[in-house]
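Taking it in order: structure first as structure tokens, then the write-up.
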There are 2 protein chains.
Amino acid sequence: MVSEPGPGTRVTIIDIARDAGVSKSTVSLVLKNSPLVKGETRERVLEAMAKLGYVYNRGAANLRTASSRLVGMVISDLLNPFFAELAVGLEEAFYRAGFVPILANTAEDAIRQTDVLRSIHEHGVAGLIISPAIGTDPATIRDAVGPRLPVVSTMRRLEGCDLPYVGPDNRSGARAAVAHLIALGHRRIAFVGGFPTMTTTRERLDGWRDALVAAGLPHSDALVFPTMPTRAAGAVIADAVLAGPDAPTAALCYNDIVAIGLIRALAERGSDVGASFGVIGFDDIAEARHNAPPLTTVSAETRHLGAIAADVLMKLILGEANPPHNVIGQTRLIVRDSCGAPFRLDSRRKTA
Amino acid sequence: MVSEPGPGTRVTIIDIARDAGVSKSTVSLVLKNSPLVKGETRERVLEAMAKLGYVYNRGAANLRTASSRLVGMVISDLLNPFFAELAVGLEEAFYRAGFVPILANTAEDAIRQTDVLRSIHEHGVAGLIISPAIGTDPATIRDAVGPRLPVVSTMRRLEGCDLPYVGPDNRSGARAAVAHLIALGHRRIAFVGGFPTMTTTRERLDGWRDALVAAGLPHSDALVFPTMPTRAAGAVIADAVLAGPDAPTAALCYNDIVAIGLIRALAERGSDVGASFGVIGFDDIAEARHNAPPLTTVSAETRHLGAIAADVLMKLILGEANPPHNVIGQTRLIVRDSCGAPFRLDSRRKTA
DNA sequence: CTATTTCTATGGAACGTTCCAATAAATAGG
DNA sequence: CCTATTTATTGGAACGTTCCATAGAAATAG
């Protein structure tokens with residue numbers, strides 16, 4: 001009651017000092033849990049803080065120490081469950097380590113990305129993680145945040161750019177998926193979704209081609225169907241996939257949401273996905289296992305990869321020696337019911 | 001080149017002043033776009049800033065002005081697409097208005113929630129939005145952030161608590177959904193998912209009961225199947241829903257992911273959802289329309305509601321007169337293919 | 001009993017802004 | 001030419017911390 005602060009006035013370290021009958025330096029020491037202050041004194045200070053409702057002002061501390069616990073998290077499309085899961089993995093790791101993330105969802109808009117990067121930088125983050133928007137010019141990132149800020153890129157590799165990168169092994173994941181389709185008897189296997197301008201698409205396409213080449217199967221451009229990585233785009237492309245005399249009997253999709261959109265549209269067109277037609281996705285988002293049919297997919301261990309990316313950034317921030325520059329996470333094929341098996345067609349009736 | 005800063009040294013307003021041959025006050029004026037500074041001077045200052053790579057230090061400014069552009073965004077479960085969409089709506093509105101959100105995903109953990117609230121507060125946010133974790137004691141929120149910080153709660157109403165609230169009209173949404181099922185001929189309609197301890201569940205249950213009572217249909221506790229709001233829980237409860245001689249022919253689910261989990265499990269048990277069995281969800285998440293069968297659901301206009309919640313918070317922060325204290329968004333029934341129509345059963349064969 | 005060491009505690013400068021009061025320069029009015 | 005007014009610019013204090021250099025007290029050593 002003695003030194004109750006006026007309304008609207010922040011309680012500061014000085015108020016605490018006055019109340020506890022010590023100097024502000026001592027209060028600061030208590031805050032840092034320094035062994036230099038006597039137990040009894042610490043008690044008194046702690047009591048005063050509780051009594052006056054003190055809240056630590058990290059902004060002021062940052063100003064003095066030039067070291068912040070804020071980090072940036074720039075996500076290209078939070079509406080895609082894959083990136084939501086990435087964000088959760090990042091957030092969790094940051095939370096554990098006492099870092100606090102600022103969130104920006106760029107919605108695949110490179111302009112907005114530049115904008116938020118600058119804004120995040122102004123807020124004095126210690127570093128940031130970015131899953132770059134489609135069409136990002138790597139130079140714009142350094143332009144926006146300056147040459148010294150720790151930045152790690154994730155999930156989408158940027159070309160001609162020295163940023164540390166954390167992402168899944170797209171090529172071998174795609175290769176395993178296509179090999180599985182081949183083993184089931186598929187001979188014409190499409191690649192659906194993504195744009196070849198995206199490095200992730202190219203890596204997955206490479207894996208797709210690897211497997212086809214190894215099996216001596218066709219891999220012409222006619223089997224590649226680029227689209228935006230969305231459910232709607234996956235649905236729209238269905239007609240094109242089904243068209244023509246040499247239509248594929250299976251498809252590896254750029255990611256799970258494209259696969260799910262495609263499956264839905266194929267079903268509407270009478271295709272029996274899981275039997276006459278095989279579809280494999282990529283990412284293993286939560287809804288993959290609850291899809292009808294449950295979606296075979298390549299797990300990128302998204303959450304774990306997010307945690308790794310966060311760790312790399314924090315190593316960079318804390319100046320640890322030899323932080324990893326390039327982490328490629330293993331992938332795992334998760335076989336469920338959507339891959340189909342065309343050689344069984346004879347013992348079934350083909351749906352018109 | 002003249003006054004190039006040393007490595008590791010931040011470029012400050014003072015460096016700019018020196019380079020441009022003006023005082024730091026003038027530079028500050030330029031920063032604020034004040035009309036007090038002559039065009040020619042402004043030019044010189046701007047040039048110096050570009051040349052030296054100046055970046056505004058919001059932290060320092062906050063310290064002086066005690067007004068920050070940071071806000072907190074505390075989300076109960078970002079892995080649920082519904083909350084991801086909420087987060088996107090919030091982020092978008094904040095971005096537009098020049099606020100920068102800190103993200104915390106509490107993962108329905110009330111302890112962690114208290115923890116992050118305190119941490120967010122320490123970072124000097126101007127206010128925060130919270131979708132409270134299941135089991136939140138309202139008092140813990142004010143305890144963590146003090147009595148003065150603007151806070152708005154969203155999507156889950158807290159009882160015995162004066163926080164402003166923004167959320168959908170759960171009761172009338174549920175009522176409309178159940179009325180639709182009744183019109184299709186269903187007579188035994190279950191409510192699946194959520195816990196009656198959650199206000200949202202209770203509101204939706206009320207709507208369910210309203211419609212059943214109005215039609216003179218049963219609404220006993222035997223028709224209510226509480227679960228966690230997850231896909232997995234929706235799947236697990238399927239057996240219980242189907243059990244007994246008086247099993248329901250339709251269900252209104254707590255939300256879409258419960259509905260999707262339930263549908264999948266029902267399908268595995270031979271139930272023909274959309275024909276012999278009707279399911280309606282709540283939220284209209286993106287995957288609802290791509291589900292098999294496409295899910296009938298109650299749209300909460302999540303993104304828009306998020307934007308509204310952000311607006312309310314910003315009004316509070318800026319001290320606008322009479323900010324709304326309670327915003328209830330309208331809901332809309334989106335009819336797709338999952339609701340079934342049992343009176344058509346005679347003209348079809350029931351799947352065992 | 002003095003000199004040294006160990007424990008605790010402290011004052012003050014610094015971090016990068018903003019903003020007020022003050023000033024200098026330019027223009028206008030008489 | 002002097003005063004009043006407007007237009008541009010400025011120094012310095014303040015915001016809430018941290019941290020360094022220093023100091024007083026208590027304990028130990030010689």
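The side chain of A/Ser28 contributes an N or O atom lying less than 4.0 Å from OP1 or OP2 of D/dT18. When the side-chain nitrogen and oxygen atoms of B/Thr65 are compared with OP1 and OP2 of C/dT17, none of them lie within a distance under 4.0 Å. The phosphate of C/dA9 (OP1 or OP2) has no side-chain N or O of A/Ser23 nearer than 4.0 angstrom. In this model, the phosphate group of C/dT10 is approached by a side-chain N or O of A/Thr26 to a distance below 4.0 Å at OP1 or OP2.
Proximity note for B/Ala61 (side chain, C-beta onward) versus D/dT9, D/dG11, C/dT18: the nearest is C/dT18. The side chain of A/Lys32 has D/dC19 as its nearest neighbour among D/dC19, C/dT18, D/dT17.
Of the two residues contacting DNA chain D, namely B/Gly21 and B/Leu63, the nearest-nucleotide position lying further toward the 5' end is that of B/Gly21.
Looking at heavy atoms from C-beta onward, B/Asp115 lies out of side-chain contact with B/Ile111 at the 4.5 angstrom threshold.
Counting to the nearest Å, the C1' atom of D/dG16 and the NE2 atom of B/His123 are 15 Å from each other. Distance, A/Lys24 NZ to D/dC19 C1': 10 Å, rounded to whole Å. Spacing between atom CZ of A/Arg64 and atom C1' of C/dT17 amounts to 16 Å, rounded to whole angstrom units.
Residue contacts for B/Val27: at a heavy-atom cut-off of 4.0 Å it reaches no nucleic acid atom on any strand shown. In this structure, A/Thr12 reaches the sugar-phosphate backbone alone: every heavy-atom distance under 4.0 Å involves primed, P, OP1 or OP2 atoms, never a base.
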